J.: 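One structure, as structure tokens, below. Some questions next.
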Amino acid sequence: MSGITYVRGDATVPSVKGVKVIAHVCNDIGGWGKGFVLALSRRWPEPEAAYRAWHRERASNDFGLGALQLVQVKPDVWVANMIGQRGTRRGSRGVPVRYEAIDTALSRLADPVIGLAASVHMPRIGCGLAGGTWSRVEPLITGRLVRRGIAVTVYDHGEGRS
């Protein structure tokens, strides 16, 4: 079992062969417009459209903290919309990240990734606008994906960004 591979680059352009799943964290209020989702939307319209429809129809689906939505954007590329933050603002209740929700979404991601024989690619999920810390997120990824034999690459994009 190898650990997480760290590279500098753009998580929306994984440079490995085979099927790839690009995983990222979304909020639970239907907001899409800041952070990593902008890079996704510049590359493909489908993840945003699927997320917005998922939120709009939430009364009749599983949209909520810990939920997972897989969206195919190319024959060999999928995007995993994972609901891992409560709202979008920092306030009296702290930062928006919800580690338990990220853990649940990663757990739900493992079987489909194994079924696709895919690798997983991501920025430092939950650590940008969501306000989380990598020391809390990294063990979740290791526990839910790496320990199941899934290759995970984490991308650091640009200077001073995590």
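Values below: all heavy atoms of this structure, side chains included; hydrogens, waters and symmetry mates excluded. Small disclaimer: the values here were computed from a predicted structure and weren't measured.
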J.: Examine Trp134 and Val25 and state if one hydrophobic cluster contains both, with Ile, Leu, Val, Met, Phe, Trp and Tyr joined whenever side-chain heavy atoms are less than 4.5 Å apart.
T.: yes

J.: Look only at the side chain of Arg52 and the backbone of Trp32, and say whether a donor-acceptor pair between them is shorter than 3.5 Å.
T.: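 Yes, because the side chain of Arg52 sits within donor-acceptor range (under 3.5 Å) of the backbone of Trp32.
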
J.: Tell me which one of Thr104, Asp62, Leu68, Leu65 satisfies side-chain contact (heavy atoms from CB on, under 4.5 Å) with Ile83.
T.: Leu65

J.: Taking the six-membered ring for Trp, are His55 and Phe63 parallel (under 30°), tilted (30 to 60°) or perpendicular (over 60°)?
T.: perpendicular

J.: According to a hydrophobic-cluster definition based on side-chain heavy atoms being under 4.5 Å apart (Ile, Leu, Val, Met, Phe, Trp, Tyr only), do Tyr6 and Val146 belong together?
T.: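 In one cluster with Tyr6: Val146, yes.
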
J.: Please confirm whether the backbone N or O of Gln72 pairs with a side-chain atom of Lys74, one donor and one acceptor, at under 3.5 Å?
T.: no

J.: Return yes if some donor-acceptor pair links the side-chain N/O of Gln85 with the main-chain N/O of Asp28 below 3.5 Å, else return no.
T.: no

J.: Taking atom CZ of Arg89 as the centre, does the number of heavy atoms from other residues, nucleotides or ligands within less than 6.0 Å exceed 12?
T.: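 Not more than 12 within 6.0 Å, no.
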
J.: Got a salt bridge between Lys17 and Asp76, using NZ or NE/NH1/NH2 to carboxylate O under 4.0 Å?
T.: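 Salt bridge: no.
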
J.: Between the side chain of Ser41 and the main-chain N/O of Leu38, is any donor-acceptor distance below 3.5 Å?
T.: no

J.: When you check the gap from the basic side-chain N to the acidic O, do Arg8 and Asp156 get nearer than 4.0 Å?
T.: no

J.: Where the side chain of Thr142 meets the backbone of Glu138, is there a donor-acceptor pair that is under 3.5 Å apart?
T.: yes

J.: Checking side-chain contact (heavy atoms from CB on, under 4.5 Å) between Trp78 and each of Val73, Val71, Leu116, which is the one that passes?
T.: Leu116

J.: With a 3.5 Å distance limit and no angle check, can you tell me whether Tyr51 reaches the backbone of Gly30 through a side-chain donor-acceptor pair?
T.: yes

J.: In terms of hydrophobic clustering (I, L, V, M, F, W, Y; side-chain heavy atoms under 4.5 Å; direct or indirect links), are Ile29 and Leu40 co-clustered?
T.: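 The answer is no; the residues belong to distinct hydrophobic clusters.
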
